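Have a look at the structure below, then the notes.
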Amino acid sequence: MALSFSQLKKIAEGKTKIIYENPDDAGTVFMVFKDDITAGDGVKHDIIQGKALVDWQTNKDIFEYLNRKGVRTHYIESPEEKVSLVRKLDFKINLEVVSRRVAAGSILKWGGEAEGKRYDPVITQFHYKDDPLHDPMLDDTYIDYIIKAKKDGDMFADMRSLNATIFTVLEAAFAAFRIQLVDFKLEYGMIDGKATVIDEITGGSFRLWPYAKDNPDLNQANVLSELNPAGRLDKDTYRQGEALDAVMNKFAQIAKITSGFGELP
Ligand code: 5GP
């Protein structure tokens with residue numbers, strides 16, 4: 001039987017999802033995807049018919065894959081289209097945790113890096129989640145201090161290592177489809193006293209650049225010549241002002257690729 005969300009209590013509404021209580025289980029909530037797309041911390045905003053469905057599909061495929069790989073996530077199942085059932089949090093951690101394999105996006109500006117520079121191991125940064133402040137990056141010295149000196153230090157150490165581990169897990173999955181995971185952003189909450197991956201992982205969460213060659217050499221100091229950023233499959237198409245149907249087409253391609261994650265070992 002289809003769920004009737006008009007009858008359920010809305011707990012929260014974000015830019016791309018609504019969270020409803022689950023009347024049958026206080027330990028879980030429903031996450032319902034919206035057709036909205038935003039960029040620039042909410043400054044740019046559009047609605048793309050059908051985007052909720054493809055994001056839901058991508059999110060389902062990725063979380064099912066991570067759960068299968070033993071990663072601690074909030075995701076349980078997707079009871080119907082555009083709806084996921086997830087574990088309720090003890091509390092949300094107001095951070096965005098970004099990991100990067102290849103230099104792109106904001107690091108080119110504030111880090112002065114050459115586009116395509118390869119990081120090994122991946123680098124991980126914490127950002128304080130606040131749209132009006134544009135999610136400022138937290139100083140690593142401060143994070144290291146919290147890890148060593150504070151009561152909740154373990155939580156930060158866990159997020160740092162989980163983020164890098166998840167990056168390599170998803171990087172290997174996309175590699176099977178000849179795509180480089182360039183960078184991504186994850187969010188965390190506390191469940192049963194442990195930092196756990198929450199929120200959504202969709203085309204807006206990462207950069208994906210297809211391989212440019214049959215046999216790319218991805219172990220060089222700079223891998224730009226091996227990849228095809230112009231063929232990107234991610235929200236940069238929207239950030240860069242491409243037409244909404246082109247953006248939708250990219251998100252649909254992502255869902256098509258992640259639908260193959262179930263076949264991966
Ligand atoms: P950058 O710092 O280069 O803008 O972003 C690094 C990575 O994190 C990219 O994959 C980007 O999509 C993701 N990211 C950064 N900030 C946000 C955000 O506020 N929302 C979402 N959905 N992704 C973000």
Side-chain angles (χ1 to χ4, degrees), residues 12-17 31 33-46 48 51-52 54-56 58-59 62-63 92-119 122-140 159-160 162-164 166-171 173-174 179-189 197-210 223-224 227 229 231-242 247 250-251 253-255 257-258:
E13 177 157 7
K15 287 178 284 195
T16 58
K17 294 177 301 294
M31 204 169 84
F33 288 81
K34 306 200 293 188
D35 280 333
D36 300 60
I37 182 166
T38 68
D41 299 310
V43 174
K44 188 170 154 75
H45 176 213
D46 287 282
I48 304 182
K51 178 178 166 287
V54 294
D55 273 356
W56 166 80
T58 300
N59 184 72
I62 291 183
F63 270 97
K92 190 166 184 229
I93 302 168
N94 203 37
L95 295 171
E96 296 192 340
V97 190
V98 172
S99 288
R100 301 175 189 273
R101 173 70 79 197
V102 178
S106 69
I107 200 168
L108 306 182
K109 280 185 239 149
W110 57 256
E113 299 283 37
E115 189 177 35
K117 178 176 171 178
R118 181 171 192 271
Y119 304 108
V122 295
I123 55 170
T124 296
Q125 316 144 205
F126 291 87
H127 291 254
Y128 179 62
K129 194 171 153 68
D130 183 298
D131 279 347
L133 292 179
H134 298 295
D135 305 337
M137 184 163 49
L138 300 180
D139 176 46
D140 249 4
M159 285 187 283
R160 193 182 258 167
L162 256 178
N163 225 64
I166 296 168
F167 194 96
T168 55
V169 168
L170 289 184
E171 181 181 41
F174 281 111
I179 290 167
Q180 174 68 47
L181 179 62
V182 169
D183 52 31
F184 71 18
K185 180 265 318 179
L186 301 183
E187 297 190 21
Y188 292 85
V197 185
I198 62 161
D199 196 52
E200 64 182 286
I201 307 179
T202 56
S205 315
F206 40 60
R207 290 193 172 92
L208 295 176
W209 293 356
V223 291
L224 192 57
L227 301 172
R232 66 182 78 258
L233 289 173
D234 53 52
K235 201 168 82 172
D236 275 354
T237 47
Y238 177 69
R239 295 187 184 104
Q240 293 170 0
E242 278 192 42
V247 176
K250 298 279 176 151
F251 278 65
Q253 285 185 57
I254 298 168
I257 291 159
T258 60

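No experiment lies behind these values; they were computed from the predicted model shown. Start at 1 and go down the list; that is how both ligands and their atoms are numbered.
The pair Lys250-Asp236 does not count as a salt bridge, with every side-chain nitrogen at least 4.0 angstrom from each carboxylate oxygen.
A donor-acceptor pair is defined here as one N or O able to donate and one able to accept, closer than 3.5 Å; such a pair exists between the side chain of Lys34 and the backbone of Gly14. Using a distance-only test at 3.5 Å, with no hydrogens or angles considered, a donor-acceptor pair links the side chain of Arg101 to the main chain of Tyr119.
The salt bridge (charged side-chain N to carboxylate O under 4.0 Å, His left out) search around Asp234 returns none, not counting sequence neighbours. Applying the salt bridge (charged side-chain N to carboxylate O under 4.0 Å, His left out) criterion to Glu96, with sequence neighbours excluded, gives Lys129. By the salt bridge (charged side-chain N to carboxylate O under 4.0 Å, His left out) test, Lys44 is found to be paired with no residue, residues two or more places apart in sequence or in another chain being considered.
Ligand 1 lies under 4.0 Å from heavy atoms of Asp41, Glu96, Val98, Arg100, Ala104, Gly105, Ser106, Asp135, Asp183, Phe184, Lys185, Gly204, Ser205, Phe206, Arg207, Arg239.
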